[in-house]
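Heavy-atom basis, side chains included; hydrogens, waters and symmetry copies ignored. A quick note: this is a predicted structure, and the numbers were derived from the prediction, not measured. Residues take their numbers from the sequence shown, with the count starting at 1.
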Amino acid sequence: MVDVVIVGGGVCGCSLLYELSRYKLSAVLVEKENDVSVGTTKANSAIVHAGYDPHPGTTMARYNVEGNALVKELCEKLDVPYKQIGSLVLAFDADQDALVRELFDRGTQNGVPGMKVLSAAEVREMEPNVSPEVTSALYAPSAGIVSPWELAIALAETAVKNGAQVELNSEVTSIQPIDGGFRVTAGGKEIDTRFVVNAAGIWSDKINDMAAPHTFTVSANKGEYFLLDKSQGTLVNHVIFQCPSKVGKGVLVSPTVHGNLIVGPNAEDAEKDDLGTTGDGLAFVRKMALRSVPDINFRDSIRNFAGLRANTEIDDFLVGETEQKGFFNIAGIKSPGLTSAPAIARDVVRMLGKAGLTLDPKETFVDERHVVRFKHLSHEERAAAIAKNPLYGQIVCRCETITEGEIVDALHRPLPPCSIDGVKRRCGSGMGRCQGGFCGPRVQQIIARELGIPQEAVMMDRAGTAVITGETKMGGRTE
């Protein structure tokens, strides 16, 4: 019998696995997809929120501010792209000026450091490209940007290095109480465990109802985005928000850690499997974004995508032990869920300890990770890397300057990818202007070679997303 089974490989589940791997215990994360971070974690705004938005006294408020500091610390230790660039919440009239002051007061109560309410002139001095109609703004210097999927992957990889276990392609179909714990059926296997933690995102209500009384329902809310080319990446220097409303934090404009510009999202109710973008949704995002930053050139958009928020009837995170003893939920995790994930994980570990889990720290816990990013190396460092491994001298992705050495490294890390997009999430290949049009086939060949599998078995992303289904030309052969 293992000590803890975590259901769900998003940033919350991976954060918890990492925290549990600090201790002398057995922890297993089960994920229905063929990789971690492929749900909401890979499709969001990638913002490390400062913490002024949640209402004081909520679990959101408590976790947000603590998580803001922890994300920065973890990214430094685990070599994850992160930048603390600060955020601005723009006001456009007297009513919104009042809301900005309200957010300032709320953030002060929540313990957000360094905030200021700026005049219109001060805003334009910091951000010359924002609308001339801006009347004031809330400045929060502790806000940042991060690569959310790389954070989740880094946490999971480090946890595996510390002895934790990740079971992919393992959808949970049953959770049954047994003597001393639970029997979790996932991917056709049975895992007996003392504790279960449900971090299944938009499916967390379904997992909860397998083992505990029904207390919440998750409804998916879709947000659509534009990702713009690096030519637009310096248009603004901070995360630019509009004043929040009942449907969310509004359409933002922000640099990304990879040098692009991200714009979005809207907020529309959706089915749990609906990740499609729409003309109306994107038109709304475009219209609202141009109100903040009129000079955005949407002709430089290189990709549109959508992500799903896990809304419940309770306007707060649902974190803690259920009526079924030993069964815990990390549910209803919407914004600021990415920022809050490390703080939630630490709190759930404390809860598990109070519930009877022995927390005996390891003497040799590994809490550092290093990744070679060839394009960021100096000329001398590049020469040394190529001398050590000639594969670093082979550029595979020309848009992002990603080498074969980096791809091979990713395929031999503790949690190797098995798809083209899995490599993309780890290395950045396919993230440029051509979106993998040139490098995709070569990445597929490298995956097949390094993992020893047929090339047609290499998916684009999730299971079933085949790229190659068979030969189209016989090449002169007759059979």
May I ask you to decide if the ring planes of [X] and [Y] are parallel, tilted or perpendicular, using 30° and 60° as cut-offs?
| X | Y | answer |
| --- | --- | --- |
| Tyr63 | Phe317 | parallel |
| Tyr392 | Phe374 | parallel |
| Trp149 | His258 | parallel |
| Phe241 | Tyr52 | perpendicular |

(message) Going by side chain to side chain contact (heavy atoms under 4.5 Å, CB included), Val285 matches just one of Thr277, Leu252, Asp280, Val263. Which one?
(response) Val263

N-O pairing of [X] and [Y] below 4.0 Å:
| X | Y | result |
| --- | --- | --- |
| Glu157 | Arg369 | yes |
| Lys375 | Glu400 | yes |
| Lys77 | Glu368 | no |
| Lys222 | Asp274 | yes |
| Glu76 | Lys72 | no |
| Arg62 | Glu66 | no |

I'd like to know if the side chain of [X] and the backbone of [Y] have a donor-acceptor N/O pair within less than 3.5 Å.
| X | Y | value |
| --- | --- | --- |
| Lys272 | Ile202 | yes |
| Glu31 | Gly9 | yes |
| Asn68 | Ser142 | yes |
| Glu122 | Ser119 | yes |

Classify the side-chain pair [X]/[Y] by whether it contains a donor and acceptor separated by less than 3.5 Å.
| X | Y | result |
| --- | --- | --- |
| Asn329 | Asn198 | yes |
| Gln242 | Ser292 | yes |
| Ser136 | Asp97 | yes |
| Tyr82 | Ser147 | no |

(request) Assess whether side chain to side chain contact (heavy atoms under 4.5 Å, CB included) is satisfied between Cys243 and Val100, documenting all intermediate values. (result) CA-CA 7 Å; Cys243 283; Val100 161; 4.1 Å; yes

(request) Would you check if Leu357 and Leu20 make a side-chain contact, meaning some heavy-atom pair closer than 4.5 Å? (result) yes

(message) Quick one, Lys362 and Arg22 - any side-chain contact, counting heavy atoms below 4.5 Å?
(response) no

(request) Could you give me the CA-CA distance, side-chain angles and deciding distance for Val4 and Val28, then say whether side chain to side chain contact (heavy atoms under 4.5 Å, CB included) is met? (result) CA-CA 6 Å; Val4 184; Val28 180; over 6 Å; no

(message) Set out, in order, the CA-CA distance, both residues' side-chain angles and the distance that settles salt bridge (Lys or Arg N to Asp or Glu O under 4.0 Å) for Arg373 and Glu150, then state yes or no.
(response) CA-CA 13 Å; Arg373 295 183 176 89; Glu150 288 182 80; 3.3 Å; yes

(message) What verdict does the side chain to side chain contact (heavy atoms under 4.5 Å, CB included) test give for Ser131 and Phe92, after you've listed the backbone C-alpha separation in whole Å, the side-chain angles of each residue and the deciding distance to 0.1 Å?
(response) CA-CA 9 Å; Ser131 169; Phe92 292 90; 4.0 Å; yes

(request) Look up atom OH in Tyr18 and atom CG in Leu151, then write down how far apart they are to the nearest 0.5 Å. (result) 10.0 Å

(request) Find the distance between CE (Met60) and CD1 (Ile344) and round it off to the nearest 0.5 Å. (result) 9.0 Å

(message) If the test is salt bridge (Lys or Arg N to Asp or Glu O under 4.0 Å), which one of Asp409, Asp35, Asp79 qualifies with Arg426?
(response) Asp35

